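Read through the structure below, which is laid out as structure tokens, and then see the notes.
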2 protein chains.
Amino acid sequence: MRLRLMAIDFYFDFASPYGFIAAMQMPALTRPVRWHPFLLGAIYKAVAQSPLEHPLKRDYVINVDAPRTARRIGLELKMPQGFPEHSLPPARAFYWIEQRDPEAAVAFAEDVYRKYWLQGRSTADIEVVVDSAVAIGFARDAVLVGMQSRETKERLAAENEAALQRRVFGSPFFIVEGEPFWGSEQIPFLNAAG
Amino acid sequence: MRLRLMAIDFYFDFASPYGFIAAMQMPALTRPVRWHPFLLGAIYKAVAQSPLEHPLKRDYVINVDAPRTARRIGLELKMPQGFPEHSLPPARAFYWIEQRDPEAAVAFAEDVYRKYWLQGRSTADIEVVVDSAVAIGFARDAVLVGMQSRETKERLAAENEAALQRRVFGSPFFIVEGEPFWGSEQIPFLNAAG
């Protein structure tokens, strides 16, 4: 019984198309999922490179494979305005909300993710984040203040650091009982891992 | 009928574990496959980066994901001695053999690929290549001379250039009726592509 209850740690960047594609499939998993938004840029900064390092790879991901992979699960992708931009607002807001209501944080993550990748809203736009937080019951001013609080900033920094310590280098990235999985195509293997 | 007969262009580097994993699955495809060994290093040289750009990603690929992916299709991976080394000898030998006997070239590719990734032989070792060519009926001296001929070197250079022109940036990489697919996890989608 113990094995089946072990949680899946789900690492993702809100600015990652495959992170979005993975997020939409998390409800279908039988194991509990712990959501960990992080900033992929912080991981790659350490080695002075980019996750879309080759221009040909970048073009393939954006124009061919991410839209095609989304279509395979019935989603029509729309690139976020200004892509690629940072995703600091949703990552901070997630952890501020999670401190108050963990389930609401997941609902928030799913909602902003859809706005970025189905409606093409900017991942750097604070208004998108505030709208989603307000829609699930938080006060606009409280969200704005909370996102900028030292506690929230430190929490996100700690999560980025923890991701690096756990050897996370991409989005989506999963860890199940210590076993790492990178990429949305690994989702079918997560339930049985460990 | 025309669609079902369209060939799959299969690009791979002999020094690529996922290229090997893909090669072992090519016989199961219903479409004809055209094999194109190329040097991934030549593609990345243009942008002064590496396909295993992040040390964490490199470690994950080599120590976790490539062996695990191979195991899912019943293969026990053994890293080639000295990995990563270049794969100039098998790429050149492939095209020299292909000029003489296209079917023999595929048999040769499968044979050396197994020696690199199941027996751990070095991809830069000329002896491995010669042994495989001799085993399918070519004369040792003819292979050694043929691999160093201007014609063979120019053919491989032309194949590398053609791969870049067709926007190939990884191994394995497939093109079916103009549609690109990167990665061995795309193999289930190749028969129906186009």
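All values reported here derive from a predicted model rather than from experimental measurement. Because only heavy atoms are used, hydrogens play no part in the values below, and waters and symmetry mates are left out as well, while side chains stay in. Letters A, B, ... mirror the listed sequences (proteins, then strands); counts begin at 1.
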Give every donor-acceptor pair under 3.5 Å between a side-chain atom in residues 70-80 of chain B and any protein atom, sequence neighbours left out.
from, atom 1, to, atom 2, distance (Å)
Arg72(B), NH1, Gln186(A), OE1, 3.3
Arg72(B), NH2, Gln186(A), OE1, 3.1

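Distance check, rounded to the nearest 0.5 Å: CG of Asp65(A) to CD of Glu179(B) gives 9.5 Å.
Cluster membership for Val134(A) and Val145(A), using ILVMFWY side-chain heavy atoms within less than 4.5 angstrom, is not shared.
Interface summary for chain A: among Val168(B), Thr69(B), Leu56(B), the most heavy-atom pairs under 4.5 angstrom belong to Leu56(B).
The local environment of CD in Gln81(A) is sparse, with at most 12 non-hydrogen atoms from other residues, nucleotides or ligands closer than 6.0 Å.
Using the six-membered ring where Trp is involved, Trp182(A) and Tyr60(B) have ring planes that are perpendicular, over 60° apart on the 30 and 60° scheme.
Scored by the side chain to side chain contact (heavy atoms under 4.5 Å, CB included) test, Glu85(A) finds Ser122(A), Thr123(A), Ala124(A) as partners (sequence neighbours excluded).
Both tests pass for Arg68(A) against the ring of Phe181(B): distance under 6.0 Å to the centre and angle within 45° of the axis.
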